[in-house]
Structures are given as structure tokens and as C-alpha cells.
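Down below is the structure, laid out as C-alpha cells.
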Amino acid sequence: MCSSIKVLGIESSCDDTSAAIVSHTQGENPEVLSMVVQNQGTLHEQYGGIVPEIAARAHSDRLDRCTIETLNSAQLNLLDLDCIAVTAGPGLIGGVISGVSFAKGLAAGSGLPMVGVNHLAAHALTVRLTHQVDFPFLCLLVSGGHCQFLAVLSPDDFIRLGGTIDDAPGEAFDKTARQLGLSQPGGPVIEKVAISGNPTKYAFPRPLKNQQGCNLSFSGLKTSLLREKEKIISEEGTISKTRMADLCASFQKAVSESLSQKSQVALKIFEETVGQKPTLFAISGGVAANQMIRKDIEDVCWVNEIKFYAPPLEYCTDNGAMIAWVGIEKFRTGNFDGFDLEARSRWPLDTSSSPILGGGKRGAKS
Ligand code: KG4
Ligand code: ZN
């Protein structure tokens with residue numbers, strides 16, 4: 001049997017439409033043959049956030065072009081592939097339905113097998129696409145809708161060790177940017193503005209710091225930033241460039257310190273729960289693109305003598321390659337889906353752990 005596999009990955013769960021082809025030969029490093037990502041930022045800009053209906057329609061419009069482009073760029077035809085992998089949840093349901101329907105059409109037309117992929121699993125397993133990594137490892141998944149520490153035991157076995165009890169860090173970056181009149185998505189913009197700022201200028205809270213466990217909270221942070229902003233405006237009449245940079249730098253530092261402090265705790269909890277040290281600590285999801293957060297967690301790993309891996313930036317944010325990779329992991333175990341594959345807005349990775357108390361809004365997705 002030929003052990004080389006080529007899988008098309010399709011992603012449409014939020015505001016990125018993406019298609020990618022990943023090839024893997026057993027015993028060798030996987031290779032991303034091509035990847036197309038179309039971000040919908042400009043479509044949603046005027047509304048100050050993602051409008052689900054607009055997102056779903058844009059995905060349906062763009063999925064076929066993204067797929068043709070990625071096939072052309074890899075110089076492949078659909079029938080050169082072995083499988084089609086598609087995000088089947090969790091995410092904005094209209095977008096997930098667009099992707100799943102499109103994948104079903106491709107599978108029906110080509111006769112290729114299809115696998116539905118959990119978007120969170122894809123983020124958590126990305127590090128196996130970009131680095132040679134064995135199980136079990138510890139992953140901090142930090143994105144616009146999620147924040148959880150996961151013990152990753154196999155491609156479909158995850159234990160949630162802790163996570164946010166309210167907002168996800170990406171959500172906090174996005175809401176804070178909105179409060180400061182900065183553009184979306186907030187994370188990369190705040191990171192850029194923060195470069196010239198003083199991270200110790202404002203003492204924003206580190207919620208749950210003194211509580212046991214590795215749960216986190218970010219909703220209070222944006223409220224204290226709002227208060228600080230109002231204070232500056234009442235005293236100085238406006239927010240100068242320097243003040244803006246200081247606010248962004250202090251906010252980013254607060255998020256980063258909260259995440260790194262709880263990473264230290266999560267390492268201990270992993271050992272108690274799994275019965276051994278993790279092979280490494282991986283960070284993934286859009287917020288993992290943040291250089292300060294990467295550096296602060298890398299420092300925690302260095303002190304604990306644990307290897308630290310963070311995927312290249314293009315594989316941190318939503319992308320088709322991570323979906324294709326999970327497709328390969330599932331293909332190897334013959335774990336295919338039929339045409340009854342459902343699109344799911346919610347799809348927890350760890351169904352045995354009870355929901356985190358107070359886990360709110362978009363956090364319930366996790
Ligand atoms: O994983 P992702 O692309 O989509 C979700 O599944 O949520 O993550 C998007 C989130 C957004 O909230 C965005 O502001 C944040 O990731 N983000 C960042 C950075 N780049 C993206 N946050 C902090 N620093 C960054 N450099
Ligand atoms: Zn994501």
C-alpha cells in the first residue's frame with residue numbers, strides 16, 4: 001500500500017475562508033503543498049464585529065475559488081487527492097454549514113472519502129503538522145472564541161485541564177481595540193501599537209492569579225482599561241499617541257502574564273492528571289501569533305525544562321492546512337464520515353469534563 005496521502009482541508013468556521021492541500025508520507029515530515037486564505041475583515045469592518053450572515057454568504061461565494069486556486073497552485077486535480085477534510089464545528093453555524101455542504105458536493109462528485117474535523121482539535125494538533133511531536137503533550141489553545149489548557153493524548157483524546165471562565169483572550173483583544181477606536185481584528189493591531197508603549201504604566205488586574213487551578217478570566221481586564229481610558233480623557237481631554245501605546249502595552253502585558261502564570265500551574269496539573277510530564281508545551285490559535293505571549297510562555301517552559309513549540313504565524317490563525325492535517329490523522333485510522341455529517345455550532349473536545357463554572361458567551365463553544 002502506498003503510504004503517501006494528499007488531503008484537501010476546508011475551513012469556514014469564522015471569518016477566514018481557506019483551502020489547503022497537505023501531503024504526508026509515513027515516517028516523513030508533512031508538507032503543505034498549497035494554501036489559500038481569504039480573510040473577510042473588510043466585509044465586516046463597518047459593523048465593528050463579525051456579522052454571521054455576511055460571513056456565511058461570503059464563505060459560499062469564495063469556497064469554490066479558494067479550492068480551485070489551491071489545486072492549481074499545487075498543480076493537482078481533485079482526483080489526485082485521497083480525501084476531503086472539512087471543519088464541521090464548532091463555529092458560526094452559517095459558515096460551518098457552507099463548508100460542510102461544499103465538501104459534501106465535492107465528495108459526491110469525486111467519490112473521495114470525507115472527514116469532518118473539530119476546529120479546536122485542528123488548532124491543538126497543528127503542532128504535529130509543523131514539528132515532529134509525540135503524544136502526550138500540553139497545549140494552550142488561545143483564539144478569538146477559545147482559551148483552554150489541553151492534555152493532548154491522541155488525535156481524538158483530549159483532557160481539558162482548565163480554561164477561561166468568561167471571555168477568550170482574542171475576544172478581549174478585539175473588544176479592547178474597539179474601545180480604543182482601533183481596527184479589527186484587535187490582537188495584531190494592539191500588538192503593533194504596544195511596541196512603543198510602556199507595559200508597566202498601568203496596573204491592570206491579573207484575575208484568578210491567587211486561585212488554585214489553571215482557569216483564567218479576561219472580562220474584568222477590558223472594564224479596567226475602559227475606566228483608565230475615561231480617566232485619561234477627563235484629565236487630558238484626549239488620548240495621545242503615547243497614552244494609547246502605554247494602554248496597549250499594559251493590556252498586552254496583563255494578558256501575557258495571566259497566561260504564562262497559569263501555564264506554570266497547568267504543567268503541574270498535567271503531570272498529576274496524566275501521570276507523566278508532557279513531551280512538550282505547544283501554543284496554538286490566533287492569539288498564539290502574539291510575540292510577547294510566545295516569549296513569556298517559552299520562558300516558563302525553559303525554567304521547567306520542557307520543550308516549547310509555537311507554529312509559524314500563518315498556521316496559528318484559522319487555516320485550511322490544520323484541517324487537512326487532522327484529515328490525514330483520521331484517514332490513517334479509517335475514521336471517515338458519511339453524507340449525514342452534521343455542521344455543529346458547539347462541539348466540546350473533552351466531553352467528560354464538566355463545563356467551566358461561569359463559562360460564558362462564546363466560551364460555551366469549548
Ligand atoms: O484562531 P483564530 O484565527 O480564530 C478563532 O478561531 O477565533 O483567532 C482569531 C483571534 C482574534 O481575536 C485576533 O484578535 C487574535 O486571534 N489574534 C491576536 C494576534 N493575531 C490574531 N491576538 C493577539 N496578538 C496577535 N498578534
Ligand atoms: Zn480558530
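Everything numeric in this text was worked out from a predicted model, so none of it was measured. Atoms within a ligand are numbered from 1 in the order they appear, just like the ligands themselves.
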Does a salt bridge link K277 with E271, judged by any charged N lying under 4.0 Å from a carboxylate O? no
Short N/O distance, under 3.5 Å, between G187 and ligand 1? yes
Please indicate whether any nitrogen or oxygen in H146 is less than 3.5 Å from any nitrogen or oxygen in ligand 1. no
Passing option when D296 is tested against S256, S260, S258 for side-chain hydrogen bond (donor to acceptor under 3.5 Å, both in side chains): S256
With atoms numbered from 1 as shown, which atoms in ligand 1 lie under 4.0 angstrom from a non-hydrogen atom of T317? 3 (O)
Between S250 and Q252, does any side-chain donor sit less than 3.5 Å from a side-chain acceptor? no
Please could you name the atoms of ligand 1 that G170 approaches to less than 4.0 Å, counting only its heavy atoms? 12 (O)
Side-chain donor-acceptor contact under 3.5 Å, Q132 with N29: yes
For D318 and H119, test the side chains for any donor-to-acceptor distance below 3.5 angstrom and give the result as yes or no. yes
What do we get for Q184 next to ligand 1 when only non-hydrogen atoms under 4.0 Å count, side chain, backbone, both or neither? neither
D16 and S18 side chains, donor-acceptor separation under 3.5 Å: no
Shortest heavy-atom approach to atom 12 (O) of ligand 1 - which of D174, L313, I190, V255: D174
Can you sort out which atoms of ligand 1 are near G145, meaning under 4.0 Å from one of its heavy atoms? 7 (O)
Among T87, N319, D318, closest by heavy atom to atom 3 (O) of ligand 1 is D318
Determine, using heavy atoms of Q252 and all atoms of ligand 1, whether some pair is separated by less than 4.0 Å. no
Selected option - heavy-atom contact closest to atom 16 (O) of ligand 1, from G91, G286, P185, S13: G286
Do NZ/NE/NH1/NH2 and the carboxylate oxygens of K330 and D156 come within less than 4.0 Å? no
Which of the atoms of ligand 1 are close to E191, meaning less than 4.0 Å from one of its heavy atoms? 25 (C), 26 (N)
Side chain or backbone, does F173 bring an N or O within less than 3.5 Å of an N or O on ligand 1? no
H123 NE2 and D318 OD1 subtending at the Zn ion (ligand 2) (10° steps): 90°
Check each atom of ligand 1 against the heavy atoms of H119 and keep those under 4.0 Å away; list them by number with element. 6 (O)
Enumerate the atoms of ligand 1 whose separation from the nearest heavy atom of G186 is less than 4.0 angstrom. 14 (O)
Short N or O distance, N290 and ligand 1, threshold 3.5 Å exclusive: yes
Do the rings of F173 and F251 sit parallel, tilted or perpendicular, given the 30° and 60° boundaries? perpendicular
What part of H123, side chain, backbone, both or neither, has a heavy atom within less than 4.0 angstrom of ligand 1? side chain
Starting from the C-alpha separation in whole Å, work towards a yes-or-no answer on salt bridge (Lys or Arg N to Asp or Glu O under 4.0 Å) for D299 and K295. CA-CA 6 Å; D299 287 349; K295 169 79 177 58; 2.9 Å; yes
Are F137 and Y309 close enough that their ring centres sit under 6.0 Å apart? no
Under 2.8 Å from the Zn ion (ligand 2), is there an N/O/S atom belonging to C14? no
Closest contact, heavy atoms only, Y315 versus T126: O-CG2, 3.6 Å
Evaluate the criterion ring-ring contact (aromatic ring centres under 6.0 Å, His included) for residue pair F331 and F336; output intermediate values, then yes/no. CA-CA 7 Å; F331 185 95; F336 302 120; 5.4 Å; yes
So is there a nitrogen or oxygen of G144 less than 3.5 Å from a nitrogen or oxygen in ligand 1? yes
